Structures are given as structure tokens and as C-alpha cells.
Amino acid sequence: MDLQKTAHVVLLSSPGIGHLIPIIELGKRFHIHHNFKVTILVITSQTSQAESQILKSATNPSLYTIIPIPSSNISATAVSTRIRLTMRHSIPSIKSALINLPLRPSAFIVDIFGTESLILAKELNIPKFVYVASHAWYLSLFAYSPVLDKQIEGQYVDQKEPLKIPGCKSVRPEDLVDSMMDRNNLQYKEYLITANNLCKSDAVLVNTWNELQHRELKALNGELSCSLKIPVFAVGPIVRQTKSKTDQDTESMMKWLDKQPKESVVYVSFGSGGTLSYDQMKELAFGLELSEQRFIWVLRAPRGDDADGAFFTTGCSDRFDEIQKQLPDGFLERIKNLGMLVQEWAPQVNVLKHGSIGCFISHCGWGSVLESLTNGVPIIAWPLYAEQRMNATMLVEELGVAVKTTLSPTKNVVGREEIASLVKKVILVERNGKSNHMRERVREIKVSAEKALCEGGSSYNTLSKVAKIINKQDFISLSLNVDMRDEIKD
Ligand code: UDP
């Protein structure tokens with residue numbers, strides 16, 4: 001192939017803001033640190049206002065070119081199945097976009113739902129990667145799922161023991177990803193297809209860093225490589241760094257935050273797709289009030305019974321009046337000086353960067369988790385969907401930066417007393433210095449993340465290695481990749 005002076009990396013994002021943001025950020029890093037030309041193909045949901053907003057505000061021709069590809073309307077009940085089927089149906093459009101690019105691609109990077117498009121990179125004979133925008137423990141489970149599928153009979157959720165993954169912490173049945181909860185449905189079958197497709201790429205990039213998940217990365221490049229068969233490169237934490245543009249509403253929110261004491265405000269948000277039932281919303285309202293702590297709460301009307309009901313329609317609801325009617329009587333009046341309610345969407349990075357934020361009640365989507373950790377904010381884990389139960393367990397039990405509810409929020413309404421007590425535990429106890437272990441830990445992690453990303457840091461070096469491979473079209477390093485495995489081993 002013609003060797004171009006500047007490599008041109010093409011990234012592919014599946015529908016969903018939690019997929020789009022990390023792909024854009026990875027693209028930015030390739031441009032800023034390695035001077036690559038970057039094109040981002042985005043399969044758009046067509047139905048999410050927040051997604052359109054992000055695409056509009058992310059347009060930055062000096063860093064990358066975004067090509068939106070409208071998706072066909074697929075009806076499937078589970079969000080992940082809908083995304084997988086959408087991506088399958090989009091292959092002809094992706095192919096046409098790739099062929100018509102003015103500059104020949106030097107590498108193709110897809111997110112976890114885009115693996116069936118890897119065949120297109122094979123046709124172009126360029127290196128191909130899967131970018132897993134989640135963490136290494138989740139990747140281990142995902143990569144090992146085809147083996148578990150053969151090993152274990154019956155439903156995973158009925159297993160008496162946690163599921164063993166070589167070299168990694170075992171996964172409790174109740175913490176499994178949604179797609180593994182019922183082996184008889186289409187969602188699981190599609191999940192397995194994707195897991196099997198992982199090794200059709202030349203390597204996996206994962207949004208974590210060696211110092212945070214050394215054990216899992218070592219396993220992925222060691223014990224687990226017999227099932228994964230390709231190298232894993234930790235390039236994270238790749239998160240939005242710069243503050244997004246503010247409009248009038250967000251300006252007033254930031255002004256309100258400016259007036260609050262340091263680390264005193266609880267930020268409550270359930271990602272791009274999370275919704276709570278009205279019963280749970282009411283209880284959360286009582287709980288926040290009972291805690292007597294300041295808060296910013298991003299409120300979203302439920303769409304049906306699913307906790308991820310807003311995934312394809314983020315930012316689209318105008319039912320704020322309806323929500324307000326569901327809140328406890330007199331709540332709005334009573335919290336006037338204590339809290340702020342935000343409809344549908346907040347400038348999350350700006351909020352988490354603000355010094356007055358003391359804790360984050362989060363659904364634990366990995367994007368939100370990384371934004372919290374890299375801004376030194378401890379978490380109250382409220383997992384709702386996808387791999388979020390695993391994330392919550394890891395944050396509490398492995399990293400020591402979070403507390404979580406005793407019962408799963410998707411199966412139970414979490415009561416006001418428990419909510420108030422968790423909030424007080426993180427904001428007050430931690431602030432009064434009686435036990436500031438969680439805040440200390442999160443600060444250590446923040447520093448470790450910064451080190452990993454700066455020049456000479458582990459993730460910086462790893463992405464440089466990937467960039468070198470792309471520049472040289474060095475398939476040999478990818479197929480053997482002996483040095484990468486050695487690097488992770490110690
Ligand atoms: N987000 C935001 N404002 C909101 C809700 C979410 O900016 O009100 C962003 C958040 O900062 C994160 C992304 O949307 O970057 C959500 O990704 P995550 O992985 O946390 O969860 P998902 O939405 O995929 O479940």
C-alpha cells in the first residue's frame with residue numbers, strides 16, 4: 001500500500017452517547033499526541049437530542065472529521081441487541097463511507113459493538129482494533145464468555161459459586177452483565193457472537209491503565225490469551241478533559257456551584273440512558289432531603305419499565321412538569337436553598353470538575369466512573385444496566401472509592417433512610433476527616449491516572465506503541481507482540 005506521510009486512523013462509534021464520547025476522545029489523542037489524521041464514523045440513533053448536540057459541539061475539523069451515518073430503525077427490546085443489530089445492518093453504509101474517504105485509512109478502530117465491520121479493514125489490509133471503552137475486569141469476562149458458555153450448564157444466575165475467570169477476580173452471578181442474565185434469549189446469543197468476534201481484530205485497546213488494573217491486564221495478556229488470542233493494550237483513562245461549552249442554564253448551575261462550600265454538593269445522575277421509576281424518584285427526593293446536604297440532581301422521566309429506557313432518547317423528554325408532580329408534596333419549596341434540579345442532561349464534566357462537588361450518586365457507567373475518579377470525586381454506586389453491577393463491585397471492593405446500596409436498585413426501591421445515610425457517610429464523615437480513606441484513595445487514583453497519561457506514563461507509552469504499529473503498518477508486532485506481553489507481566 002502507499003505509505004502516506006501522516007497516518008489516517010478511522011474510528012467507528014455505535015449508537016449511544018456512552019460509546020460516542022470515548023471514541024471521540026480516543027480520536028483526539030491520536031491527533032494531538034501522534035499527529036494522525038482522524039475520521040470518526042458515527043452510527044447515529046437519530047432519536048437522541050443529546051447525541052445530536054454532542055455531534056454538533058464536537059465538530060472540530062482541526063482535530064478530526066466526523067461522518068454521521070444515520071441508522072435504520074431496528075426494533076428489539078433490549079438496548080444492547082438493538083445496537084448490535086443496528087451495527088450489522090449498517091455494514092454496507094460503513095463500507096461505502098470507508099471506500100469514499102478522500103484519504104486511504106491506515107487503521108480501523110471499532111467499538112465493542114462494531115466487530116462485524118472488522119471484515120472491511122481486512123479487505124483494505126490495514127490493522128484493525130477493537131476499542132473497549134470499559135475496564136479490564138469486564139473485558140476479561142467478555143473475552144472469556146465463549147469458554148464459560150461451554151463450561152457451564154444452565155443459567156449463570158443460578159450458579160452457587162462466582163464465575164471463575166483465570167487470573168482475575170471471580171464474578172458473582174448477581175453482578176453479571178445484563179446480556180448474561182438469560183442464556184435463552186436473543187440478547188445472550190448476540191452477546192456471544194460479539195465476544196467471539198473480538199479476536200477477529202489484531203488487538204484490543206481498553207480504557208483503563210496498568211497501575212489501576214495490573215492483575216486483569218496481566219491475565220488478559222497471559223492466562224486469558226489462549227481464549228482471546230490477541231494482545232490487549234491499556235490506553236486509558238481516556239475521558240473528556242476540557243470543559244464543554246456552557247449555555248444559559250448551565251451557567252446558572254455553575255454560578256450556584258460557585259457559591260457552595262468545598263466538597264459539599266452531591267451530584268446525582270444516571271448516565272445517558274438511566275431512568276428511575278416514579279416511586280424510586282420520590283424516595284430519592286426524600287433521602288436527599290433527609291441527608292440535609294446540598295445536591296444537583298439530573299432528573300429524567302421514566303420511559304417504560306427499563307432502567308436504560310432513555311438510551312436512545314436522551315434529552316428528548318419535555319415531561320418535567322409531570323416529574324415535578326411526582327415529587328413529594330412541597331419538596332421543591334423546601335429544597336429551594338439546598339438543591340438544584342436539572343432536566344434530562346447536565347454538563348457532567350464541568351460539574352465533576354467543580355471543587356464544591358463532594359460525591360457522585362452514579363449509575364456507574366464506565367465513562368461516568370472515569371470522569372469521577374479523574375476529578376477526585378468518591379461515588380455512591382447505583383448500578384442500573386449493562387456491566388454497571390461489576391463496575392460498582394469493583395469500585396467498592398477493589399478500589400475502595402465507593403459505597404453502594406445493600407440491595408440492587410434495579411430489583412428494589414432503595415429507601416430514603418439508606419440514601420440519607422450513604423450521602424452523609426460520604427459527604428460528612430469523609431469531610432469531617434473521621435474516616436477519609438475513600439477520598440484519599442480517589443485522590444491517589446486521580447494522580448495515578450494523570451501519570452499514566454502524561455509523556456512517559458504507561459498508557460501514553462502504550463498508545464505510542466500502537467501509533468508506531470499503525471505508522472509502520474507493522475502486522476508482525478501485532479501477531480507476535482512478545483514485547484507487549486513481557487511489559488505487562490511484571
Ligand atoms: N453525560 C453528561 N450529562 C448527563 C449524563 C451523562 O454529560 O446528564 C455524559 C457523561 O459525562 C458520560 C456519558 O454521558 O461521558 C455517559 O457515559 P457512561 O459510560 O457513564 O454511561 P452510559 O450513558 O453509557 O450508560
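Please read all numbers here as calculations on a predicted model, not as lab measurements. Heavy atoms only: backbone and side chains are in, while hydrogens, waters and symmetry mates are out. In each ligand, atom 1 is the first atom listed, and ligand 1 is the first ligand listed.
K411 has no carboxylate O lying under 4.0 Å from a charged side-chain N of E174, or vice versa, which leaves the two without a salt bridge. In summary, E283 and R416 engage in a salt bridge, as defined by a charged side-chain N under 4.0 Å from a carboxylate O. Using a 4.0 Å cut-off between charged nitrogen and carboxylate oxygen, E418 and K425 do not count as a salt-bridge pair. Between E292 and R334, no side-chain nitrogen of the basic residue sits less than 4.0 Å from a carboxylate oxygen of the acidic one, so the salt-bridge criterion is not met.
Closest heavy-atom approach to atom 9 (C) of ligand 1 within the set R240, Q53, E25, H19: this belongs to R240. The option with the heavy atom closest to atom 16 (C) of ligand 1, from among A133, S272, G367, is S272.
For ligand 1, one of its N or O atoms has an N or O atom of Q348 under 3.5 Å away. Residue I17 has no N or O atom closer than 3.5 Å to an N or O atom of ligand 1.
Taking the six-membered ring for Trp and thresholds of 30 and 60 degrees, H34 and Y460 have ring planes inclined between 30 and 60 degrees apart.
Between G16 and ligand 1 there is no heavy-atom distance shorter than 4.0 Å. Contact between Y385 and ligand 1 is present, with at least one heavy atom of the residue lying under 4.0 Å from the ligand. Ligand 1 is approached by I21 to a heavy-atom distance shorter than 4.0 Å.
Less than 4.0 angstrom separates some heavy atom of Q388 from each of these atoms of ligand 1: 25 (O). In the vicinity of G18, heavy-atom distances shorter than 4.0 Å reach the ligand 1 atoms 17 (O), 24 (O). For ligand 1 and W366, the ligand atoms under 4.0 Å from any heavy atom of the residue are 19 (O).
With hydrogens and angles left out, the side-chain atoms of H19 and S14 include a donor and acceptor closer than 3.5 Å. A donor and an acceptor atom, one from each side chain of Q213 and T208, are located under 3.5 Å apart.
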